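Contents: one structure, followed by commentary.
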Amino acid sequence: MVQSSSAVSTGHAPGLGARQIYEALREQILSGVYETGSQLPSSRGLANDLGVSRTTVTVAYEQLAAEGFIEVNQGARPRVAASLVPREASSAAPKRTGPVHLSSYGERLRGSPPWPDYLPNRLKVDFRYGDLAPSDFPALTWKRAMNAAMSQRPGRLAYDDPRGSPRLRQALQGYLWRARTLSCEVEQILVVSGSQQGLDMCARLLLDPSDNFVIEDPCYRMARQVFASTGATPVSVAVDSDGMKTELLEGITARLAYVTPSHQFPLGGVLPISRRYQLLEWSRRSDAYVIEDDYDGEYRYDIRPVPPLHKLEDRSSVIYLGTISKTLSPMLRIGYLVVPPELQGVFATAKQLLDRHCPVAEQEALASLIESGGYESHVRRVRRLNGERRGTLLAALRRAFADRIVIEGADAGLHVVVWFKDLTRSLEDVFVDEARRAGVGVHPISPLYAHETDERRCDRIGLVMGYSALTIRQIENGVRLLAGVVQRVSKGLPAQLSNKLGRDDSDSA
Ligand SMILES: Cc1ncc(COP(=O)(O)O)c(C=O)c1O
């Protein structure tokens, strides 16, 4: 890694001595700020940055070289010695002693490490939901669009509109109407850093710690967590194969309800029209906002597209949320909100305070893709590819497990839920470990339930199986390996199974 001289700035005032520079650089080398073999700043550059004489820096460099930290060659910038092994990064950071004072928000997050769904793994097949296949990404088209976007604003390096690039918002307005029959004004659209930022803004702007929020059960855990981080109280409303049981809303007081009506996450139901009206009627009576997360509305297989809630007449309380994380890439971090007119101003201010605005070049590139029709043809292509993956998965599951499983939510989206009728919940940990040993990543549905009150569901093992990152072969191989896992776990063959069951028995005794 080559660092610019400003990257080593130690924060010291001018007048710094050679000893301090030596110590700061030694610390940075040891903690891996400068990797083995990477270049340090030139003595002239660093002297300039730090406001010291070149001789002072040279003395520090000579000491580092004498101790073997760096190698100095005439006429070249010094390099970190090839033989140097940086120590563990964590041990370099000075630890504060005594209590850590956090805000009440910080306290609520303390003890909940980030959800580890970003960690890479070495499994043969991972049915992790949310990943897309790199080969599906339109790399060349995107590169061209980015190049054009980078060269389009030669005279301008300045902050942009917090609501998002006007060109992208205009393009999204047309796209939302064509793809989702949703009509809105450009002013209602806000480009955000993925749906997650949209959810975070809704949480900050609409919830106080004394409030309730309605959430599906089971649900998208990142939504539940972001709303709960405000200190507000979740009110879980059960879900069946048609989505949220809206009749249970009667009597609930809450500031907002978060729903996934086009494809309930994770169970996959599509909210019928009667429930949509029931939900909107509840929101009107309760003066609550409905957050409609349309995260994978582009993927429909055997069913007709369902217009969003936002389309219904009484939509003044609906905040619509879309994303390109399921169509282009979750790494681009681009999503969009459609907010009611009275919320436009406050959402724009919140966005500006959070991060000013989303990166402009990516927004312009996406705009040009939508304008050219390239985005929609890409969506058609990935819908077909994911339809093939889905078909392969469903066929492989039926071949391997026949009527020993129940599959839910396969009509839409990029995942299915598979319930194993013969495997009790008490075997879940063993099952996941055994699958991992066989090289297969599986992801139980149980953590997505708020309460495990639904006996029929949660007394069996249920998996959320994503397929959009896998090849046809991987899917077939993964299900084959899984069949072996199920067989071993049902027969109690894994080594640790007998211990585990022994523990469970004694727990329940
Ligand atoms: C229900 C739901 N909403 C939204 C998202 C997408 O989030 P983002 O746009 O922040 O990547 C996901 C991703 O898995 C999801 O499952």
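Just so we're clear, the structure is a prediction, and the values are computed from it rather than from any experiment. All heavy atoms count here, side chains included; hydrogens, waters and symmetry mates do not. Counting starts at 1 for both ligands and their atoms, following the listed order. Numbering starts at 1 and runs along the sequence shown.
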Among all protein heavy atoms, pick out the one at the shortest distance from atom 6 (C) of ligand 1; state its residue, atom name and that distance to 0.1 Å. Ser195 OG, 3.7 Å
Checking a contact table here: which protein heavy atom is nearest atom 3 (N) of ligand 1, and how many Å away? Asp293 OD2, 2.6 Å
Residues [X] and [Y]: side-chain donor-acceptor under 3.5 angstrom:
X: Gln197; Y: Asp355; value: yes
X: Ser165; Y: Gln363; value: no
X: Arg180; Y: Ser262; value: yes
X: Glu216; Y: Thr260; value: yes
X: Ser286; Y: Arg255; value: no

Taking NZ, NE, NH1 and NH2 as the nitrogens, is one of them in Glu371 or Arg167 under 4.0 Å from a carboxylate oxygen of the other? yes
Side chain, backbone, both or neither: which part of [X] has a heavy atom under 4.0 Å from ligand 1?
X: Lys326; value: side chain
X: Ser325; value: side chain
X: Tyr336; value: neither

Short N or O distance, Gln196 and ligand 1, threshold 3.5 Å exclusive: yes
Is the closest heavy-atom distance from Arg333 to ligand 1 below 4.0 Å? yes
